[in-house]
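Structure first, commentary second.
Here the structure is a predicted model, which is why all the values come from computation and not from measurement.
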Amino acid sequence: MSPTCTPRQYWQEQWTTTKLILSIHSTEASQTTSQPRRERLSLESVDEHMVCLMRLVLALSALLIIYIDPSEPNHYVALTYGALILYSVYSLILYLLSRSRRSPLPMGVLSWVDTACYLVLVSLSSGTSSIFFFFFFYAVLVASFYQGFAAGLCVALVSALLFTVIGFITSFGGQSFELNRFLLRPIYLLALGYMMAYWGGAEIRLKRRLALLKEVNTLSNPRFGINHTMSSIMKSVRAFYNADACLLVMMDERPGEQRLTRVGRADAGDEVQSEQLPERLAGQFFALPETVAVIYNTKVNQWKTKSVSYYAYDMAKNERTPEGRDESEKLAVTLDAASLLSVPLLNRGKAMGRLFLTRTEHSFDLSDIDFLIQIVEQVTPVLNNIRLLDRLASNAAEQERQKIARDLHDSVIQPYIGLQYKVAALRNKVAQGNVHIMEDLNKLFEVTSNEITGLRRYVGGLKEKGGREDNFLSAVRRYTAQFEENYGIDVKVECETELNINDRLAAEVIPLVHEGLSNIRKHTQATTSTIRLGNDGSHLILFIENDGASAETAAQCQFIPRSITERAQSLGGQARVGVGHEGRTRVTVRIPL
């Protein structure tokens, strides 16, 4: 516990850390046995219709070959012909069903049915010398390209084993037994079957990766927001790797703060929310070297001996590195994971976060880290752009709120201050016994009508894009005339050149005139004022002058009109206070056109 930390704060931090670790470890009982949802892969290189056609071609070709060359089969000839005819009919039915997009059984089951049929044909014909031996490769190919490496290798192993058993059985039945073929063919089937299974598994893995990259591109849409985008991508990545959990720790925009987003097996439907990490727990997640991706696998064999494998790749130097082994081990213990895969999210060489995948049973391999690096390199710019867009949207909203606040101050509050003064003057007259106030009431009513019209114009400007002003100079003169009548200050409007400004800029400049005259009324004893407008070709120039004593003028030059300055800066211009003609105070505003 740090010396500046109270005992209560210390235990609160410990409790927060404990809850986060428990939430990372927690999984439902059903999660340990549930398998990830696997969508049916669309393998364009292995079309179901083509597979059924090849099965039919093989069956009919074999039937034609043994009819042309009747030297084989040499035993159980009638049964062999009958079995081959039945297999041909079976192949024809499957082919016709494939044309109508209807299959009675999945392709994985059909490959085992084919294997059983080929074993029957081999046992009825010449045993280990049977020409039907080569049909087994068809079953291995179908299983490999439809179900992957494990299924293809399993079909190859079972076919080789049963072919060997049938070879022994048929050799005792009086059939010719060729030892060389008996020894060579199972080995040949295993070797070539393994290569086919590996080829098919690599094809499926490649297509799954392409499908994931396509899905990531679809999900990486700035309009969804960063939380939805991150959680959707993390769910897809976790399901692809069949991981127990996927964790993303991101650097917050505020210094020293990190946020954790976790997706488990049960988090399939709802959007996952991030939570802030305590500093001590965040230090464990970011203890790994900033640019290093790591794989940490632990295995415990049947003799309770623990073996550890570690691989680290420096993404900045593009080379393998031994760094981060101890940190990875500590992090795996914290997450209670047997295998850990972690990749940093780098933006222009600087880490903005780190992605973690954890497993309790299976290990990660080098191809996993290579592909995850590709995913992260593709996702990181999108996440950075989404964060930038969110920041820009927040800044735009804040600027709009400030603009509305200034408009309310200049266009609503200031006129109501004038109304307050007139009402106060009427109250004083009544208090003094002066009952001839009808003329004053009429003027007050006229003032309120004008202010209501101005408010309606302002609200209309909010609804209609830009707040259109039909004639900028006329609008300025209308306002100054009303100002003269309300406050008794003589205001002269001068325009030296043709302005040629757009409606939106006109709507932004009129509040500058409002605020300038309001400052003259509130902060000076001036009785006259001049509004001068000009255009030097690249800037709109606005002068607001008022008379006053020399001492008052010097004091005014030290006064910085905040509202006018903020409005000018929001339009890309600037405002300054100085001395004009005959020692008059002048506010100069320059706004680029």
Heavy-atom closest pair (Ile520 atom, Ser529 atom, distance to 0.1 Å) is CD1-OG, 3.3 Å
Less than 4.5 Å apart, any side-chain heavy atom of Leu533 and any of Ile541?
-> no
Go through the steps for Thr524 and Thr585 under the test side chain to side chain contact (heavy atoms under 4.5 Å, CB included), then give the verdict.
-> CA-CA 10 Å; Thr524 72; Thr585 304; over 6 Å; no
Partner set under salt bridge (charged side-chain N to carboxylate O under 4.0 Å, His left out) for Glu494, not counting sequence neighbours = Arg532
Answer whether the closest heavy-atom distance between the side chains of Arg354 and Leu288 falls below 4.5 Å.
-> yes
Which residues satisfy the side-chain contact (heavy atoms from CB on, under 4.5 Å) test with Arg325, sequence neighbours excluded?
-> Val308, Tyr310
Rounded to the nearest 0.5 Å, how far apart are CZ of Phe286 and CD of Glu327?
-> 14.5 Å
Beyond-backbone contact of Leu517 with Ile531, side-chain heavy atoms, under 4.5 angstrom | yes
Value rounded to 0.5 Å, distance of CG in Asp336 from CG in Asp244 = 10.0 Å
Locate the shortest heavy-atom distance separating Pro344 from Thr291; write the atom from each residue and the value.
-> CG-C, 3.9 Å
Could you pull out all residues at least two apart from Ala568 that satisfy side-chain contact (heavy atoms from CB on, under 4.5 Å)?
-> Ala575, Val589
Side chain to side chain donor-acceptor pair (under 3.5 Å) partners of Tyr313, counting only residues at least two apart | Asn318
Using the test salt bridge (charged side-chain N to carboxylate O under 4.0 Å, His left out), find all partners of Arg359 that sit at least two apart in sequence or belong to another chain.
-> none
Going through the distances and angles, do Leu346 and Val376 end up as a side chain to side chain contact (heavy atoms under 4.5 Å, CB included)?
-> CA-CA 8 Å; Leu346 300 179; Val376 166; over 6 Å; no
Quick one: list whatever passes side-chain contact (heavy atoms from CB on, under 4.5 Å) with Thr528, sequence neighbours left out.
-> Asp490, Asp547, Arg584
Got more than 12 heavy atoms from elsewhere within 6.0 Å of CZ, Arg209?
-> yes
Of all the heavy-atom pairs spanning Cys246 and Met234, show the shortest one and how long it is.
-> O-CE, 3.2 Å
Partners of Thr358 by side chain to side chain donor-acceptor pair (under 3.5 Å), sequence neighbours excluded?
-> none
Separation between CG of Leu335 and OG of Ser342, rounded to the nearest 0.5 Å | 9.5 Å
Heavy-atom side-chain contact between Ile295 and Leu340 under 4.5 Å | no
Can you measure from CZ (Arg320) to CG (Asp314) and round to the nearest 0.5 angstrom?
-> 13.0 Å
Give, for atom CG of Leu260 and atom CZ of Arg262, the distance between the pair rounded to the nearest 0.5 Å.
-> 8.5 Å
Report yes if some heavy atom in the side chain of Ile564 is under 4.5 Å from a heavy atom in the side chain of Asn519; otherwise report no.
-> yes
Who pairs with Asp326 by side chain to side chain donor-acceptor pair (under 3.5 Å), at least two apart in sequence or on another chain?
-> none
Results of side chain to side chain donor-acceptor pair (under 3.5 Å) for Thr588 - residues two or more places apart only = none
Who pairs with Phe356 by ring-ring contact (aromatic ring centres under 6.0 Å, His included), at least two apart in sequence or on another chain?
-> Phe285
In short, Val513 meets Ile544 closest at the heavy-atom pair CA-CD1, 4.5 Å
Report yes if some heavy atom in the side chain of Pro592 is under 4.5 Å from a heavy atom in the side chain of Gln574; otherwise report no.
-> no
In Val249, Leu248, Leu247, the residue satisfying side-chain contact (heavy atoms from CB on, under 4.5 Å) with Leu355 is Leu248
Listed by chain and number, what are the ring-ring contact (aromatic ring centres under 6.0 Å, His included) partners of Phe371, not counting sequence neighbours?
-> Phe240
Nearest 0.5 Å, what's the NZ-CG distance between Lys207 and Leu212?
-> 15.0 Å
Among all residues two or more places apart in sequence or in another chain, which pass the side-chain contact (heavy atoms from CB on, under 4.5 Å) test with Glu377?
-> Met315, Ile373
Atom of Val294, atom of Ala312 and distance for their closest heavy-atom approach | CG1-CB, 4.0 Å
Non-hydrogen side-chain atoms of Met250 and Gln258 separated by less than 4.5 Å = no
Given Ile369 and Tyr311, is the side chain to side chain contact (heavy atoms under 4.5 Å, CB included) satisfied, shown in steps?
-> CA-CA 9 Å; Ile369 195 171; Tyr311 174 83; 4.1 Å; yes
Which atom names give the shortest non-hydrogen contact between Val292 and Glu323, and what distance separates them?
-> CG2-OE1, 4.2 Å
Checking Tyr241 side chain against Asp368 main chain: does a donor-acceptor pair fall under 3.5 Å?
-> yes
Leu357 versus Leu372: any side-chain heavy-atom pair under 4.5 Å?
-> yes
